[in-house]
Amino acid sequence: MSAKITRINPDRLHETPGYHHITVVEAGRTAYLAGQCPLDRYGSLVGPGSLDMQIDQVAANAAIALVAVGALPQHVVRSVIYVCSDDTDVLGAAWRRLTSSVIGPAFTTASTLLGVAQLGFGGQLIEVDLTASLPQ
């Protein structure tokens, strides 16, 4: 039996570009993924200077992490996206690339997109933090 996940956009709140304002999980186990970084399996930064390449690596890493706990992108109930930029066009482009990636359905849930000054690894331009409600 899977947990029941309901995504809600109240009529009195603004329209969103694909995410939902509220995600409710009725029951089940939860997996909290560490922030997924644009590192390859050997710990090397992928795509220095290329946000698109780093997004693709983050998405691939997140897909692997979700599969490791028996989850799919649609089981994600919360996402936080950190992008090293204060440019809203860059942030929007990052959002669009993530939502069209292999983990795109993860971003239909309650999501937050932040522009930040710096992330943990030198040259890192993006990090994605996911929480998933695991199927039982």
Side-chain angles (χ1 to χ4, degrees):
M1 177 176 163
S2 293
K4 182 178 177 194
I5 301 170
T6 305
R7 293 172 174 87
I8 303 167
N9 279 328
D11 291 339
R12 295 184 63 203
L13 292 178
H14 66 85
E15 289 189 32
T16 71
Y19 67 89
H20 286 79
H21 286 286
I22 303 164
T23 301
V24 178
V25 180
E26 299 296 333
R29 298 178 333 140
T30 305
Y32 301 89
L33 280 61
Q36 298 300 296
C37 300
L39 305 178
D40 65 19
R41 68 179 306 171
Y42 305 105
S44 297
L45 182 70
V46 171
S50 172
L51 182 56
D52 285 348
M53 288 179 66
Q54 290 193 16
I55 289 170
D56 294 347
Q57 185 66 45
V58 164
N61 291 350
I64 291 167
L66 288 168
V67 167
V69 293
L72 297 171
Q74 55 265 37
H75 296 124
V76 170
V77 296
R78 180 79 175 117
S79 69
V80 182
I81 304 151
Y82 305 91
V83 180
C84 280
S85 180
D86 63 357
D87 183 329
T88 56
D89 290 337
V90 171
L91 297 174
W95 173 258
R96 287 186 296 278
R97 190 164 186 99
L98 280 167
T99 59
S100 65
S101 75
V102 297
I103 60 165
F107 304 105
T108 64
T109 193
S111 295
T112 299
L113 172 63
L114 299 167
V116 298
Q118 185 173 339
L119 290 164
F121 294 97
Q124 180 181 357
L125 301 174
I126 186 162
E127 187 163 329
V128 174
D129 182 2
L130 302 174
T131 303
S133 177
L134 300 180
Q136 297 183 16

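Along the sequence shown, residues carry numbers from 1.
Residues L66 and H75 have side chains not in contact (no heavy-atom distance under 4.5 Å, counting atoms from C-beta outward). At least one side-chain heavy atom of I22 sits less than 4.5 Å from a side-chain heavy atom of P10. For the pair S101 and D56, the minimum side-chain heavy-atom distance is 4.5 Å or more. Residues V24 and E26 form a side-chain contact, since some pair of their non-hydrogen atoms from C-beta on lies under 4.5 Å apart. Q124 has its side chain out of reach of L39: every pair of non-hydrogen atoms, C-beta onward, lies at least 4.5 Å apart.
Here the shortest heavy-atom pairing between P17 and W95 reads O-NE1, 3.1 Å. Across all their heavy atoms, A62 and L33 have their closest contact at O-CD2, 4.3 Å. Nearest heavy atom pair, residue I126 against residue P38, reads O-CD, 3.3 Å. Minimum interatomic distance between T6 and I8 (heavy atoms only, all atoms of both residues): CG2-CG1, 3.9 Å.
Exactly one residue among V25, T131, V76 makes a side-chain contact (heavy atoms from CB on, under 4.5 Å) with T109. That residue is V76.
Atom CG of residue N61 and atom CG of residue L130 lie 11.0 Å apart, to the nearest 0.5 angstrom. Taking CD from Q54 and CG from L119, the interatomic distance works out to 9.0 Å, rounded to the nearest 0.5 Å. To the nearest 0.5 angstrom, S50 atom OG is 11.5 Å from Q57 atom CD. The OH atom of Y19 sits 12.5 Å away from the OG1 atom of T99 when rounded to the nearest 0.5 Å.
S79 places no side-chain N or O within 3.5 Å of a backbone atom of F107 that could act as its donor or acceptor partner. With hydrogens and angles disregarded, a donor-acceptor distance shorter than 3.5 Å links the side chain of H20 to the backbone of T108. Between the R97 side chain and the A93 main chain, no donor and acceptor come within less than 3.5 Å of each other. No donor-acceptor distance shorter than 3.5 angstrom exists from the side chain of Q36 to the backbone of V128, with no hydrogens or angles considered.
I103 and V77 fall into different hydrophobic clusters, where Ile, Leu, Val, Met, Phe, Trp and Tyr residues are linked whenever their side-chain heavy atoms come under 4.5 Å apart, directly or through other members. With hydrophobic clusters built from ILVMFWY side chains whose heavy atoms lie under 4.5 angstrom apart, V80 shares a cluster with V116. Taken together through direct or relayed side-chain contacts under 4.5 Å among Ile, Leu, Val, Met, Phe, Trp and Tyr, I81 and V102 form part of one hydrophobic cluster. V90 and L98 fall within the same hydrophobic cluster, where Ile, Leu, Val, Met, Phe, Trp and Tyr residues are linked whenever their side-chain heavy atoms come under 4.5 Å apart, directly or through other members. L91 and I55 fall within the same hydrophobic cluster, where Ile, Leu, Val, Met, Phe, Trp and Tyr residues are linked whenever their side-chain heavy atoms come under 4.5 Å apart, directly or through other members.
Heavy atoms from other residues, nucleotides or ligands lying under 6.0 Å from CG of D86 number 12 at most.
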Candidate pair R78 and D129, rule salt bridge (Lys or Arg N to Asp or Glu O under 4.0 Å), full reasoning: CA-CA 8 Å; R78 180 79 175 117; D129 182 2; over 6 Å; no
